[in-house]
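Just so we're on the same page: letters track the sequence lines, and every chain starts at 1.
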Number of protein chains: 2
Amino acid sequence: MSDAQPPQPFVPKAAISRLSLYLRELQQLIRNGDERTSSTKLGALLGFTDAQVRKDLAHFGQFGTPGIGYRCADLIDAIRAILGTNRPWPVAVVGMGNLGRALVGYGGFAQQGFKITVGFDVDPRMVGSTIENIPVHHLDELAKITAAAGIKMAIMAVPAAAAQQVADRLVQAGIEGILNFAPVTISVPNAVSQVGVDVAIELEQLSYAIVTKLQNS
Amino acid sequence: MSDAQPPQPFVPKAAISRLSLYLRELQQLIRNGDERTSSTKLGALLGFTDAQVRKDLAHFGQFGTPGIGYRCADLIDAIRAILGTNRPWPVAVVGMGNLGRALVGYGGFAQQGFKITVGFDVDPRMVGSTIENIPVHHLDELAKITAAAGIKMAIMAVPAAAAQQVADRLVQAGIEGILNFAPVTISVPNAVSQVGVDVAIELEQLSYAIVTKLQNS
DNA sequence: TAGATTGTTAATCGATTAACAATC
DNA sequence: TAGATTGTTAATCGATTAACAATC
């Protein structure tokens, strides 16, 4: 209907990750009572150069004032609009084991616009129950319920052996983004976005860093 | 005492992350009964080029046979030796809330060499209890217990507001690697390694991907 | 032998940083 | 005005990919 959207050419993926970090830092600054900040200050808080901060933002428009810097509140609004978190996202959790239940009980991302509104499992003892006021349905109801609720994002907290099957069902149900906590690579169509979090891999990165540091000493 | 270690110049950080992915994929191949693989096959499984796989490995030595490829079991051993996970790592969890307890109950990374052996909290109702056979101590005992147990890695699952203080205490206690689940940037000395996992940020990346895809259509 | 695949060097590509005119 | 800081272009740096001789 409108062509107001800028053409938005190649935005490095790493730049989008940093946008999330800027957002988090800006929210912290606001909590500290800071109204304004600068690319130098924001970068220093995160270990980036000022040029990096400005370049990242420049992909999307102009948000500051030369000689002054950025209004924290305005930059927050701008970044949330870019990321698409200026409106609420209902989220489904699949797999109501320890991790699934912990995620449902965790309020931390409600503040960023994400609200877990439903859980799924295949265990008959879980199905029909309620966890922290969130209903748990059978996985067979996935498509019906996510469609009715307009849910486009799901968090997978299922065993590795089930992950690909569950991913297939999420795709089938029309889910467009998957956050996968299972320690396996899942294969989904290109049109579906995925992000993986594997705690073992993160620990391996720490292991490497520690071992390497020892070697160098 | 010995100079057997190769000089090991600049290894891109991204290459180390991919090493973990190769390892995970190789373990999957072994489970499928594959004895051998190639850079082309391994790359295809993860969406990388064959050149990328060979280049990453080349930073550390020669692990394959021209014309043949790689023996999965051998390459697994080699990568584990590089990452430092060819020996067990005892790990402490700080913060025994929903997430902390879920991590203790999760066996997934024991298989990769990481074993949670102790938990810490400040809540008197938790201190002295046992979760999945893991004792929970008061945070005041951190230094004493981690030193005695030779623990060098800790997982932080504490509220954002407490994160920096807890990080300071971990550093004080001689911890060398921190996996931080709190949604804030923590500042630690250069000699201490840290990795952050922020679920909200991962969801933001999905949000961006979904919203952007819609725009382009 | 012919076919496959490695390890490595050189070429390409992309991302970060430096520099600076414009602006407040 | 002088000082600060943006947005942006050009220069640098680093990482990925292509190509190929060596090898099984």
Side-chain angles (χ1 to χ4, degrees), chain A residues 6-22 25-26 29 34-79 81-82 205 208, chain B residues 6-22 25-26 29 34-79 81-82 205 208:
Chain A
Q8 208 174 290
F10 318 101
V11 182
K13 219 181 159 211
I16 309 298
S17 297
R18 287 190 297 264
L19 240 42
S20 279
L21 293 173
Y22 301 151
E25 221 55 53
L26 287 161
L29 285 170
D34 292 13
E35 283 221 344
R36 292 216 173 86
T37 193
S38 66
S39 56
T40 307
K41 192 170 177 191
L42 200 46
L45 287 167
L46 289 158
F48 305 141
T49 64
D50 57 327
Q52 177 87 85
V53 174
R54 293 198 300 279
K55 188 87 223 239
D56 285 341
L57 296 173
H59 288 114
F60 300 98
Q62 308 185 164
F63 309 104
T65 313
I68 304 291
Y70 304 90
R71 282 205 69 233
C72 293
D74 292 350
L75 192 49
I76 285 172
D77 288 348
I79 294 179
I82 294 165
Q205 301 303 298
Y208 176 81
Chain B
Q8 208 174 287
F10 319 100
V11 182
K13 219 180 158 212
I16 310 297
S17 297
R18 286 190 297 265
L19 239 42
S20 279
L21 294 172
Y22 302 150
E25 221 57 54
L26 287 161
L29 286 169
D34 291 13
E35 283 221 345
R36 291 216 175 87
T37 193
S38 66
S39 55
T40 308
K41 192 171 178 189
L42 199 47
L45 287 167
L46 289 159
F48 305 142
T49 64
D50 57 327
Q52 176 89 82
V53 174
R54 293 198 301 279
K55 187 87 225 235
D56 285 342
L57 296 173
H59 287 113
F60 300 98
Q62 307 185 162
F63 309 103
T65 313
I68 305 290
Y70 304 90
R71 281 203 71 231
C72 293
D74 292 351
L75 192 49
I76 285 173
D77 287 348
I79 295 178
I82 294 164
Q205 302 302 300
Y208 176 81

Participant: Using whole Å, report how far NE2 of His59(A) lies from P of dT8(D).
Facilitator: 11 Å
Participant: Rounded to whole Å, how long is the line connecting atom NZ of Lys55(A) with atom P of dT17(C)?
Facilitator: 12 Å
Participant: Does dT6(D) have its OP1 or OP2 closer than 4.0 Å to a side-chain nitrogen or oxygen of Arg54(A)?
Facilitator: yes
Participant: dG7(D) P sits how many Å from Phe60(A) CZ, rounded?
Facilitator: 14 Å
Participant: Once you apply a heavy-atom cut-off of 4.0 Å, does Arg18(A) come out as touching a base, just sugar-phosphate, or nothing?
Facilitator: sugar-phosphate
Participant: Looking at side-chain heavy atoms only, is the closest gap between Ser39(A) and Tyr70(A) below 4.5 Å?
Facilitator: yes
Participant: Are OP1 or OP2 of dC24(C) and a side-chain N or O of Thr65(A) less than 4.0 angstrom apart?
Facilitator: no
Participant: Rounding to an integer number of Å, can you tell me how far Arg71(A) CZ sits from dT5(D) P?
Facilitator: 17 Å
Participant: Counting the atoms with a prime plus P, OP1 and OP2 as sugar-phosphate, which does Tyr70(B) contact under 4.0 Å by heavy atoms, base, sugar-phosphate, or nothing?
Facilitator: sugar-phosphate
Participant: Counting only heavy atoms from other residues, nucleotides and ligands, does the tally under 6.0 Å from CZ of Arg18(A) exceed 12?
Facilitator: yes
Participant: Just compare dA19(D), dC24(D), dT8(D) and give me whichever is closest to any side-chain atom of Ile68(B).
Facilitator: dC24(D)
Participant: Are any of Gln62(A)'s side-chain N or O atoms less than 4.0 Å away from OP1 or OP2 of dT8(D)?
Facilitator: yes
Participant: Does Pro12(A) or Ala51(A) map to a spot on DNA chain C nearer the 5' end, using the closest nucleotide for each?
Facilitator: Pro12(A)
Participant: Using whole Å, what does the distance between atom C1' of nucleotide dA11(D) and atom CD of Gln52(A) come to?
Facilitator: 16 Å
Participant: Indicate, with a heavy-atom threshold strictly under 4.0 Å, whether Thr40(A) touches base, sugar-phosphate, or nothing.
Facilitator: nothing
Participant: With both distances under 3.5 angstrom, what nucleotide forms a Watson-Crick or G-U wobble pair with dA15(D)?
Facilitator: dT12(C)
Participant: Could you tell me the Watson-Crick or G-U partner of dA21(D), where both distances fall under 3.5 Å? Say none if there is no partner.
Facilitator: dT6(C)
Participant: Under 4.0 Å from OP1 or OP2 of dT5(C): is there any side-chain N or O of Ser39(B) that close?
Facilitator: no
Participant: Which comes earlier along DNA chain C counting from the 5' end, the contact point of Ala58(B) or that of Lys13(A), where each point is its nearest nucleotide?
Facilitator: Ala58(B)
Participant: Provide, to the nearest angstrom, the distance between the CG atom belonging to Asp56(A) and the C1' atom belonging to dT8(D).
Facilitator: 14 Å
Participant: Measure from CZ on Phe48(A) to P on dT17(C) and round the result to the nearest Å.
Facilitator: 10 Å
Participant: For the residue pair Phe60(B) and Leu19(B), establish whether any side-chain heavy-atom pair is separated by less than 4.5 Å.
Facilitator: yes
Participant: With heavy-atom distances below 4.5 Å as the criterion, would you say the side chains of Tyr22(A) and Leu75(A) are in contact?
Facilitator: no
Participant: Do Thr37(A) and Leu45(A) touch side chain to side chain, with heavy atoms closer than 4.5 Å?
Facilitator: no
Participant: Nearest-Å distance, NZ (Lys41(B)) to P (dT6(C))?
Facilitator: 12 Å
